[in-house]
Amino acid sequence: MLERLGARVREVRLPGHLEGLGGLVVPGGESTTIGKLAAEYGLDAAVRAAYRAGNLAVWGTCAGAIWMAREILDYRQPHLGIMDIAVRRNAFGRQVDSFEADLEVEGLDAPFRAVFIRAPEIVRVGEGVRVRARYQGRVVFAEQDRLWATAFHPELTGDDRLHREFLERLVAS
């Protein structure tokens with residue numbers, strides 16, 4: 001979707017892959033594996049440094065949101081810890097409980113169709129964190145500075161509004 005919007009995209013697996021990037025999207029998947037591999041290869045420290053230097057916007061979707069969180073409830077795993085949120089893994093159920101829902105997202109003019117797969121819930125946000133969307137009262141999209149955390153998978157829909165905003169507002173700034 002990012003390429004369709006004109007962004008140059010590359011995989012990031014090692015610290016050197018961050019060179020020259022303005023934005024990083026950390027995908028869904030297995031947050032424990034993401035955290036362990038990032039720690040083993042030093043990618044976690046490199047992402048923290050690039051973000052704190054003001055050189056990198058980071059968007060975590062689903063497992064990526066867990067990896068970014070300052071606190072993970074009821075589970076211990078390596079994580080980045082740069083976003084002032086607390087999350088609970090698999091808060092919306094198991095794989096078989098996956099679902100889609102229309103969300104009212106702050107800043108969008110029409111509902112956004114969101115796909116939830118073993119989705120985390122953002123159970124607590126810090127003072128500087130803006131809640132952009134909730135599902136049944138539960139926080140599913142939060143923003144802090146140049147950080148986004150979404151509990152859902154926006155890349156699995158044809159709707160590119162969030163990707164466009166990420167590129168235009170966070171990466172280009």
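FYI, the numbering just counts along the sequence from 1.
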**Rounded distance (nearest 0.5 Å) linking atom NE2 of H17 with atom CG of L43** = 9.5 Å
**Item:** I66 and I34, any side-chain heavy atoms less than 4.5 Å apart
**Value:** no
**Asked** Can you name the nearest heavy-atom pair linking P15 to A46, along with the distance?
**Response** CB-CB, 3.7 Å
**Request:** Using the test side-chain hydrogen bond (donor to acceptor under 3.5 Å, both in side chains), find all partners of D159 that sit at least two apart in sequence or belong to another chain.
**Result:** R161
**Request:** Please indicate whether R10 has more than 12 foreign heavy atoms, meaning atoms of other residues, nucleotides or ligands, lying under 6.0 Å from its CZ.
**Result:** yes
**For the student: nearest non-hydrogen atoms of V129 and D84, plus distance** = CG2-O, 3.4 Å
**Asked** Under 4.5 Å between any side-chain heavy atoms of Q144 and V125, yes or no?
**Response** no
**Least distance between heavy atoms, D44 atom then A39 atom** = OD2-CA, 3.4 Å
**Asked** When rounded to the nearest 0.5 angstrom, what distance separates CG in L156 from CE in M1?
**Response** 8.5 Å
**Prompt:** Can you tell me how far the CZ atom of F141 sits from the CD1 atom of I122, to the nearest 0.5 Å?
**Reply:** 9.0 Å
**Item:** Where D145 and L170 come nearest, the two heavy atoms and their spacing
**Value:** O-CD2, 4.4 Å
**Request:** For residues C62 and I117, determine if any side-chain heavy atom of one lies less than 4.5 Å from a side-chain heavy atom of the other.
**Result:** no
**Message:** Quick check: is F92 connected to I72 through a chain of hydrophobic side chains (ILVMFWY, heavy atoms under 4.5 Å apart)?
**Reply:** no
**Complete:** Residues joined to V123 in its hydrophobic cluster, side chain to side chain under 4.5 Å directly or through other members, sorted by chain and number, are L73
**Request:** Could you pull out the closest heavy-atom pair between L103 and A133, with the gap in Å?
**Result:** CD1-CB, 4.4 Å
**Asked** Using the ring of each side chain (for Trp, its six-membered ring), is W59 parallel, tilted or perpendicular to F166, with breaks at 30° and 60°?
**Response** tilted
**Message:** Does any part of the side chain of S31, heavy atoms only, come nearer than 4.5 Å to the side chain of H79, both counted from C-beta?
**Reply:** no
**Request:** Could you tell me the separation between the CZ atom of R164 and the CG atom of L162, rounded to the nearest 0.5 Å?
**Result:** 11.0 Å
**Message:** Can you confirm whether D74 sits close enough to R88 that some side-chain heavy atom of one is under 4.5 Å from a side-chain heavy atom of the other?
**Reply:** yes
**Request:** Check A101 against Y135 and note the closest heavy-atom contact, atom names and distance.
**Result:** CB-CE1, 3.4 Å
**Item:** Atom pair CZ/CZ of R118 and R89 - distance to nearest 0.5 Å
**Value:** 7.0 Å
**Prompt:** If you draw a 6.0 Å radius around CZ in R130, do more than 12 non-hydrogen atoms from other residues or ligands fall strictly inside?
**Reply:** yes
**Prompt:** Does CZ in F99 sit with more than 12 non-hydrogen atoms of other residues, nucleotides or ligands closer than 6.0 Å?
**Reply:** yes
**Prompt:** Between R146 (side chain) and Y51 (backbone), is there a donor-acceptor pair under 3.5 Å?
**Reply:** no
**Item:** Shared hydrophobic cluster, L21 / I82 (ILVMFWY, side-chain heavy atoms < 4.5 Å)
**Value:** yes
**Item:** Check: R138 side chain, A91 main-chain N or O, donor-acceptor pair, under 3.5 Å
**Value:** yes
**Asked** Under a single-linkage definition using a 4.5 Å side-chain heavy-atom cutoff for Ile, Leu, Val, Met, Phe, Trp and Tyr, are L147 and L24 assigned to the same hydrophobic cluster?
**Response** yes
**Message:** Looking at E106 and R134, is there a salt bridge between them, counting it only when a charged N and a carboxylate O are closer than 4.0 Å?
**Reply:** no
**Asked** Any link between V105 and V115 through a network of hydrophobic side chains (Ile, Leu, Val, Met, Phe, Trp, Tyr) touching at under 4.5 Å?
**Response** no
**Interatomic distance, D160 atom CG to L5 atom CG [nearest 0.5 angstrom]** = 4.5 Å
**Request:** Report whether V131 and V58 are members of the same hydrophobic cluster (ILVMFWY, side-chain heavy atoms less than 4.5 Å apart, transitive linking).
**Result:** yes
**Asked** Taking side chain as C-beta onward, heavy atoms only, is M68 less than 4.5 Å from I85?
**Response** no
**Request:** Using a 4.5 Å cut-off on heavy atoms from C-beta on, say whether the side chain of F112 contacts that of F152.
**Result:** yes
